[in-house]
Amino acid sequence: PTRRSSDLSFCTTLFNPLDCKRRYHPDLLRAPVRTFPFREALRLAGVVAPKWLYNARSPRAVDRIVTRFDASVARSLGSDIDAVYCYEDGAEQTFLAARERGIRTIYELPIGYFREAREIFRPEVERDPTLKPFFEALREPEEKLRRKTAEVQLADEVIAASSFTKASITRHISPAPRISVLPYGCEVEQ
């Protein structure tokens with residue numbers, strides 16, 4: 001069945017906290033936004049803590065928040081929706097819950113699939129080890145990589161940002177889900 005826009009919701013950790021424009025989009029002001037703010041607010045408060053005490057900016061701290069957010073969204077899913085649209089690294093639990101309810105799963109992958117990135121980056125870092133800090137994909141924990149693979153495999157459709165991203169999935173996932181390329185861009189007035 002076709003859904004009205006009033007049946008849709010946008011789930012996020014924080015939306016426009018303290019009138020912050022970095023977590024805000026004007027088109028969402030009239031949309032139903034569901035927030036799960038607690039853990040992300042605590043993490044952001046931790047940003048001011050000394051790094052030796054707690055590094056709230058670390059990729060692992062961010063990843064913990066994203067996986068907990070994913071679990072919260074998964075628990076909140078009703079069976080009255082047609083589809084869920086999730087972003088890379090925060091979709092596995094939501095997709096598992098959606099599959100149990102017969103809900104279509106759509107996954108956005110804005111960059112090349114991680115296995116492809118590793119194949120490209122590893123020789124560069126071997127050639128010049130000073131590059132290693134710039135290639136987070138080479139340092140991600142195995143559990144996160146397992147989740148990334150599961151997310152793509154659980155997707156009914158992947159929205160890829162480029163033909164490179166699409167090819168990186170089809171080279172490493174078999175059978176690959178349906179993949180649509182939606183290139184990044186913007187409208188330019190003539």
Side-chain angles (χ1 to χ4, degrees), residues 10-14 22-23 25 36 39-40 43 55-74 77 82-188:
F10 176 80
C11 297
T12 187
T13 55
L14 296 172
R22 292 183 65 196
R23 291 178 181 252
H25 192 279
F36 300 86
R39 288 185 177 95
E40 177 65 353
R43 185 191 71 81
N55 184 0
R57 294 180 190 267
S58 76
R60 291 210 162 105
V62 172
D63 191 50
R64 279 193 299 274
I65 300 305
V66 169
T67 57
R68 289 183 175 124
F69 168 72
D70 180 26
S72 295
V73 173
L77 285 183
D82 298 323
V84 292
Y85 186 108
C86 295
Y87 194 74
E88 176 192 33
D89 293 346
E92 181 188 27
Q93 294 174 66
T94 299
F95 282 1
L96 286 168
R99 286 286 180 102
E100 288 176 6
R101 293 166 176 81
I103 299 168
R104 186 168 173 241
T105 55
I106 306 166
Y107 184 63
E108 182 174 338
L109 187 62
I111 58 174
Y113 183 60
F114 80 91
R115 292 188 193 284
E116 186 83 3
R118 286 179 147 207
E119 288 176 8
I120 293 169
F121 298 156
R122 191 169 281 120
E124 293 300 316
V125 170
E126 288 170 1
R127 184 182 57 76
D128 183 355
T130 63
L131 296 174
K132 189 172 185 177
F134 302 104
F135 295 114
E136 181 63 33
L138 295 176
R139 298 188 311 274
E140 290 182 324
E142 287 303 314
E143 171 57 19
K144 184 173 184 178
L145 301 178
R146 183 205 60 74
R147 283 195 329 265
K148 286 177 177 280
T149 299
E151 289 173 347
V152 174
Q153 291 172 332
L154 288 166
D156 293 314
E157 181 171 358
V158 173
I159 306 299
S162 66
S163 56
F164 169 81
T165 301
K166 179 179 180 177
S168 73
I169 297 167
T170 59
R171 278 194 285 274
H172 296 280
I173 299 289
S174 180
R178 179 175 172 223
I179 304 170
S180 298
V181 176
L182 184 61
Y184 290 135
C186 62
E187 290 184 30
V188 178

Minimum heavy-atom separation for [X] and [Y], please, with both atom names.
X    : Y    : answer
T170 : A176 : CG2-CB, 4.1 Å
P129 : P133 : O-CD, 4.3 Å
T105 : A98  : CG2-CB, 3.8 Å
L77  : A97  : CD1-CB, 3.9 Å
S180 : E157 : OG-OE2, 2.6 Å
P110 : A161 : O-CB, 3.5 Å

pair [X]-[Y]: side-chain heavy atoms closer than 4.5 Å:
X    : Y    : answer
I173 : R115 : no
R99  : D156 : yes
L109 : Y107 : yes
V152 : H172 : no
T149 : Y113 : yes

How far does [atom1] of [X] sit from [atom2] of [Y], to the nearest 0.5 angstrom?
X    : Y    : atom1 : atom2 : value
R101 : L96  : CZ    : CG    : 10.5 Å
K166 : R171 : NZ    : CZ    : 12.0 Å
R64  : R60  : CZ    : CZ    : 9.0 Å
E151 : E108 : CD    : CD    : 12.0 Å
F95  : I106 : CZ    : CD1   : 8.0 Å
I169 : I179 : CD1   : CD1   : 4.0 Å

- Message: A quick test of your reading: do over 12 heavy atoms of other residues, nucleotides or ligands sit less than 6.0 Å from OH of Y184?
- Response: yes
- Message: Looking at R178, I want to see if its CZ is surrounded by more than 12 non-hydrogen atoms of other residues, nucleotides or ligands under 6.0 Å.
- Response: no
- Task: For Q93 and D70, indicate whether the former's side chain and the latter's backbone hold a donor-acceptor pair under 3.5 Å.
- Result: no
- Task: Given side-chain contact (heavy atoms from CB on, under 4.5 Å), test E140 with D63 step by step and report yes or no.
- Result: CA-CA 10 Å; E140 290 182 324; D63 191 50; over 6 Å; no
- Query: Is the shortest distance from a Lys or Arg side-chain nitrogen in E124 or R127 to a carboxylate oxygen in the other one below 4.0 Å?
  - Reply: yes
- Test: R147 and D89 ion pair at under 4.0 Å: no
- Query: Given the rule in the side-chain hydrogen bond (donor to acceptor under 3.5 Å, both in side chains) test, do T165 and S162 qualify, once you have shown the distances and angles that lead to the verdict?
  - Reply: CA-CA 5 Å; T165 301; S162 66; 3.0 Å; yes
- Task: Under the side-chain contact (heavy atoms from CB on, under 4.5 Å) rule, what do E92 and L154 come out as? Steps first, then yes or no, please.
- Result: CA-CA 7 Å; E92 181 188 27; L154 288 166; 4.2 Å; yes
- Message: Using the rule given for side-chain contact (heavy atoms from CB on, under 4.5 Å), can you reason through L145 versus E142, listing the C-alpha separation, both sets of side-chain angles and the distance that settles it, and then say yes or no?
- Response: CA-CA 5 Å; L145 301 178; E142 287 303 314; 3.8 Å; yes
